[in-house]
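These numbers come from a predicted model, not from an experiment. Chain identifiers are assigned alphabetically (A, B, ...) following the order of the sequence lines, protein sequences preceding nucleic acid strands; residue numbering begins at 1 within each chain.
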2 protein chains.
Amino acid sequence: MKNPIYAEIVQNIRNKISSGQLKPGDDLPSETSLCSEYNTSRMTVRKGLSILSNEGYIYSIPGKGYFVKKPNYNKYIFVYDEMNNLINNVDKTKLLSVDIILPDEKLAGSLRISENKKVVMIRRLFYTEGEPMAYDVKYLLYKKGTPIVENEIENATFPEMISNRTSLYDLNNELIIYAKTPEEETKKLLHIYGEVALLVVEQKLYDSGNKPIGLGITYFRGDYIKLHGVSKSSNC
Amino acid sequence: MKNPIYAEIVQNIRNKISSGQLKPGDDLPSETSLCSEYNTSRMTVRKGLSILSNEGYIYSIPGKGYFVKKPNYNKYIFVYDEMNNLINNVDKTKLLSVDIILPDEKLAGSLRISENKKVVMIRRLFYTEGEPMAYDVKYLLYKKGTPIVENEIENATFPEMISNRTSLYDLNNELIIYAKTPEEETKKLLHIYGEVALLVVEQKLYDSGNKPIGLGITYFRGDYIKLHGVSKSSNC
DNA sequence: AAGTGGTCTAGACCACCGT
DNA sequence: CGGTGGTCTAGACCACTTC
């Protein structure tokens, strides 16, 4: 069976949609009429329609029918990993400090804890080809049971750091990206003498109950990083 | 039928995976053994497994079985629209110029055309609450048939601009994000006097054949924009 | 009441994988 | 070869929408 019937249905309808023969809001033929059109059973037709639905081309309303969805042309997928990016990869890291601190008001608010709860602060520098390219600060909720192993921390990405606390499957992760001019301290750390913009990536991790478990801020030298995203077109 | 059987299967297996009872690489019970476990038919079991597969929890190998996938904890979804972002929305635009130009080497390479092909260049300023917040430049392949209507261009996002040339469904869209210090010309346009970093977003649109049809570069004042992304782990 | 999609069944044949 | 997943059928009942 090289050409499944459902695949043919998917292809035909998808073509009609992307060629404009079927426009957003239009209704599709009913399942039963597609059955007779393709001379197949209802389950096969449904398999095809469910694929189109997963791909974001159509949706269904019980009792009414299938309809063409509006395309979502401004959704992008980014693969972000503070150690790897479009231009340079991090080939060396330097652990600047690991401290247990009391959060200031802003940090406590961000992690949704009170100001007397302890927080682990990890400061690192990322190098590429001998040059410091990013200054990285992570804040993790302090937990007695989990010892801080400096060796493990040194080369870990943020999700890796917390992987011994929560399943990576349950991770709800949030990114905020913006540009900033560096402060004096950051300039020193990153060997910036002239004018260089920073690309700042704030990464916030939540557990399965949507409680924050960590905040990471990475200050990349603007000339050392480009983030790359691709449009999604499918799903949702 | 309030609690479909397949939904129960999905929930059970998903829980086992995110609780760590099932680890990446582990194999699931076969379809037939799940049939007897849930006392249901094979098609119902398959419906559940296909949902877990779509959600990225498992995958199948014909002839072998189903296996638990590694989680993809560093995939993010961004909704990018040059007119709307986390801090400020564009409430006014100003069309600076619309020109038909010959591309320089870099632009020609980026659009994969030869240097004697004409290109439409559109320059705009984006305002929020009276202040210029971004400088925007678009390059579109010049086509004789499609007239340039300034009114239409003025408030259009990039995909909207090309929506009369290609179906928005076929759009393959690519983003590149980086930080830069502004050049003198940009400083003037954006009323920047002190030190302000720019967040630059390059947007490249491809048609269904993966041929570039346009390049857009938006220079946002770093203090006026934050991009926001959410992890993808489970779909939708 | 008639038509729609949502769920489910109990079979079937196929291609692929291992032993 | 037996076990696995991939495709497909011809029915069934349900809940919902529309008339």
Inset, instruction - Give the intermediate values and the outcome of side chain to side chain donor-acceptor pair (under 3.5 Å) for residues A:Tyr76 and B:Gln203. - result: CA-CA 11 Å; A:Tyr76 297 85; B:Gln203 198 172 9; 3.1 Å; yes
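- The separation between A:Ile51 atom CD1 and D:dT7 atom P is 8 Å, rounded to whole Å.
- Within 4.0 Å (heavy atoms only), A:Leu49 reaches no atom of the nucleic acid at all.
- The separation between B:Tyr66 atom OH and C:dC16 atom P is 17 Å, rounded to whole Å.
- Summarising the geometry, the separation between CZ on B:Arg46 and P on D:dC8 is reported as 11 Å, rounded to the nearest angstrom.
- For B:Lys64, the listed nucleotide lying nearest its side chain is C:dC17; candidates were C:dC17, D:dG5, C:dG5.
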Inset, instruction - Under 3.5 Å for both distances, Watson-Crick or G-U wobble, that's the pair rule; now give the dot-bracket for DNA chain C, with | marking pairs to another strand and [ ] for crossing ones. - result: |||||||||||||||||..
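- In this structure B:Phe67 satisfies the ring-ring contact (aromatic ring centres under 6.0 Å, His included) test together with B:Tyr59, sequence neighbours excluded.
- Distance CZ (B:Arg42) to C1' (D:dG5): 6 Å, rounded to an integer number of Å.
- One interatomic measurement links the two molecules: OH of B:Tyr6 to C1' of C:dG6, which rounds to 7 Å at whole-angstrom precision.
- One can place CD of B:Glu31 at 14 Å from P of C:dT9, the figure rounded to the nearest angstrom.
- When rounded to the nearest whole Å, the span between CD1 of B:Ile58 and P of D:dT4 equals 15 Å.
- Per the geometry, CD1 belonging to A:Ile5 stands 10 Å off C1' belonging to D:dT9, to the nearest Å.
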